[in-house]
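Structure record follows, encoded as structure tokens.
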Amino acid sequence: MSEPLTELAKRRGFYFQSSDAYGGASGFYTYGPQGAALKRNVIDAWRERFITQEGHMEIDAPTVMGEPVFEASGHLDTFDDMIIECPACERSFRADHLVEDETTIEDAEAMSFEAIEETIAENELSCPSCGNSLADVAVSAFNLMFETNIGPGSSAPGYLRPETAQGIFVEFPQLKEYARNQLPFGVAQVGRAYRNEISPRRSIVRVREFTQAELELFIDPERDTPSIDRVQNVTVPLYSATAQEGDGEVVRMTIGDAVEDELVEEWIAYYLAIAAEWYESVGIDMERFRYRQHRPDELSHYASDTWDAEVSVDGNWIELTGFAYRGAYDLTKHDDYSNEEYTIFRQYDEPVTVEEPSVDPEMSVLGPEYGSDAGKIADELASLAESDPDAFDAESVTVTVDGDAYTIATDVANFSRTATKNGEHITPHVVEPSFGVDRLLYTILAHNYREDEVEGERRRSLSLPSSIAPTTVGVFPLMTKDGLDDRARELARKLRVAGFTVTYDDSGQIGRRYRRQDEIGTPFCVTVDHESLEDDTVTVRERDTMAQERVPVDALEDYLTERT
RNA sequence: GCGCUGGUGGUCUAGUGGUAGGACAUGAGCUUCCCAAGCUCAUAGCCCGGGUUCAAUUCCCGGCCAGCGCACCA
């Protein structure tokens, strides 16, 4: 499997088990110097493509939020699983799924623990695995969210966010101001999220603390369309839901055709296109890459179309990114649960006049005249305008408050049969590409890991793209004498000033130093030798081909810039 | 969470009821060399807790961690 990679990752400082000195903590990893640099470079590349080039904005929200946020988002329910464990075979199952599968109840998730237990007992449900009766077996809770308390005591429970997205949705009312109330606009966030996974697996592929890079694009579903024309010729490998059900296979087709055939929702399609190009640029092997559509049974209840970017590593497909059309779900929920409005005012091209009888009573008349009844009279006038607008054709109208009839002059009521509307409030729809950064790093390492033989010796290297390699250039003196090391140190300093990530190494034989850099994916090594002292040139050695080239020191910066 | 297998320097590993040996890597020195050469020296290890025992890294129990399967997750 991938032991050589895990071994290399630890030995060379990409990532390793966290707090090993205390026995380790399952599902937590520390990125070492190389890993942290690689991660930073990949995230920077992501920002450049998905934020800067798209003209979106980035925010940085807290990782802890209060319970009401997750009540609204649905995570408190959907991440709180009801588990039942069979006493005979000790397998555990989702109790709510069991009830849904075996009875006519369709929404067992909304039931209480007691109700689930009763239902299981009444229907004499048994273990799907061994058939043992599950009646009178207790249902226990397992919440995937890490819980904490905000402030002293337990009156204000909070949770570590299970996804970065809610930090964006929650702040929508403020964020829309920064977008000057104009759709579409995109808000991105790169940050940590936490899930108390039952069993973390496969080193950094499934962990309890991970980094997400998410983009939430807010659109007007009726007016906004993506620039498909700019990406229509991008070819992507699509594994559709229907293909998955039959014997279908991955089909390579252009984004233009995929949208034309209505295989992929057009906004999703746009992101599939730019993401495919981006994945390739950071070193994903596109021969081991596909976009897989969620089948209807795995779609989230709010998503109408979702595609995952998946890669094959060691023969297993792992998910890198989810591209989901989330509709109005998230904003509608927060609109309902909070005190704010999660809508955008969509202005009409032309103001429209609509039939909408209304009154605007002169309270400066009604108030002095009727005292404390004035408010109620105004309310009654409003109802009357709705129920019988024609009544206002007369000189006066009569309304009844608490059994007393009041006759009000029509012009005091300020009746109007029509209203002018300049627009309406709409709830934007959300398109969400959500990247798992740790899995991406794992894949980049796995897809670029090379083993070959050079003169009988095994050579291991990471063929990372220069743009994301932790170190860009290694600078070595051929020998530590005749001032070669001083010259090399000076060159290293100069290149650092020029903005390159440089490592200096004069330890041991030159070949050993090349190999060290090969293992951490450094694309270039520069060697200062005796010739350098005479004509100010150096040897540049390229990682993948091991080819060497003589380059004047003056031209070195340009040489490296062109190739990174 | 359940099951199986495992846990010895930074890495890979040998071995043992009387507290450990190698290789690689790393550091210093010699060598001064364009792809892990050689020599000398050095640094560094039995996952944690309990039990049995005169004595446990070794045997037993529990835990932690890892890989895999189931389940869970996307």
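In what follows, chains are A, B, ... by sequence order, proteins preceding strands, each numbered from 1.
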Qualifying residue for side chain to side chain contact (heavy atoms under 4.5 Å, CB included) with A:V473, from A:V502, A:T503, A:L556: A:V502
Would you indicate what [X] reaches in the nucleic acid, counting non-hydrogen atoms under 4.0 angstrom: base, sugar-phosphate, or nothing?
X	answer
A:D308	base
A:R541	base
A:R292	base
A:E519	base
A:T480	base
A:I510	sugar-phosphate
A:G13	nothing

In terms of side-chain geometry, is the basic nitrogen of A:D452 or A:R459 positioned less than 4.0 Å from the acidic oxygen of its partner? yes
Please determine whether a side-chain nitrogen of the Lys or Arg among A:R11 and A:E519 lies less than 4.0 Å from a carboxylate oxygen of the Asp or Glu. yes
Could you measure between the two [atom1] atoms, the one in [N] and the one in [M], and give it in whole Å?
N	M	atom1	answer
B:C34	B:A23	C1'	27 Å
B:C47	B:A28	C1'	32 Å
B:U57	B:U52	C1'	16 Å
B:U13	B:U19	P	26 Å
B:G21	B:G17	P	16 Å
B:U53	B:C59	C1'	10 Å
B:A44	B:G22	P	15 Å
B:G15	B:U31	P	41 Å

In this structure, how many angstroms lie between the [atom2] atom of [N] and the [atom1] atom of [X], rounded?
X	N	atom1	atom2	answer
A:F476	B:A36	CZ	C1'	12 Å
A:R208	B:A66	CZ	P	8 Å
A:M479	B:C34	CE	C1'	10 Å
A:Q517	B:C34	CD	P	19 Å
A:R195	B:G1	CZ	C1'	19 Å
A:L144	B:G1	CG	C1'	13 Å
A:R515	B:C35	CZ	C1'	5 Å
A:R12	B:C24	CZ	P	15 Å

State which residues pass salt bridge (Lys or Arg N to Asp or Glu O under 4.0 Å) with A:E490; sequence neighbours excluded, sorted by chain then number. A:R493
Does some side-chain heavy atom of A:D485 sit less than 4.5 Å from a side-chain heavy atom of A:Y504? yes
Compare all side-chain heavy atoms of A:E542 with those of A:Q548 and state whether any distance is below 4.5 angstrom. no
Proximity to the side chain of [X] - top-ranked nucleotide from [options]:
X	options	answer
A:D529	B:C34, B:A66, B:G27	B:C34
A:Q509	B:U11, B:C33, B:C70	B:C33
A:R512	B:C34, B:U26, B:G10	B:U26
A:K481	B:G27, B:A74, B:U32	B:U32
A:E319	B:C33, B:A74, B:A36	B:A74
A:R516	B:C72, B:C34, B:G27	B:G27
A:S203	B:A74, B:C72, B:G67	B:G67
A:E7	B:G67, B:C35, B:C12	B:C12

Among A:Y239, A:W317, A:F323, which residue satisfies the ring pair (Phe, Tyr, Trp, His ring centres under 6.0 Å) criterion with A:Y291? A:F323
For RNA chain B, what dot-bracket results from Watson-Crick or G-U pairs at under 3.5 Å, with [ ] for crossers and | for inter-strand partners? (((((((..((((....[..)))).(((((.......)))))....(((((..]....))))))))))))....
Position toward the 5' end of RNA chain B (nearest nucleotide), A:D505 or A:Y514: A:D505
Taking for each residue the nucleotide of RNA chain B with the nearest heavy atom, is it A:R206 or A:S26 whose nucleotide lies nearer the 5' end? A:S26
Once you measure the plane-to-plane angle for A:F169 and A:F218, does it fall in the parallel (<30°), tilted (30-60°) or perpendicular (>60°) bin? perpendicular
Quick one: sort the A:Y279 and A:F435 rings into parallel, tilted or perpendicular, breaks at 30° and 60°. tilted
Ring centers of A:Y159, A:Y194 separated by less than 6.0 Å: no
Distance-only donor-acceptor test, [X] side-chain atoms vs [N] base atoms, 3.5 Å:
X	N	result
A:S199	B:A71	yes
A:R201	B:G69	yes
A:E197	B:C73	no

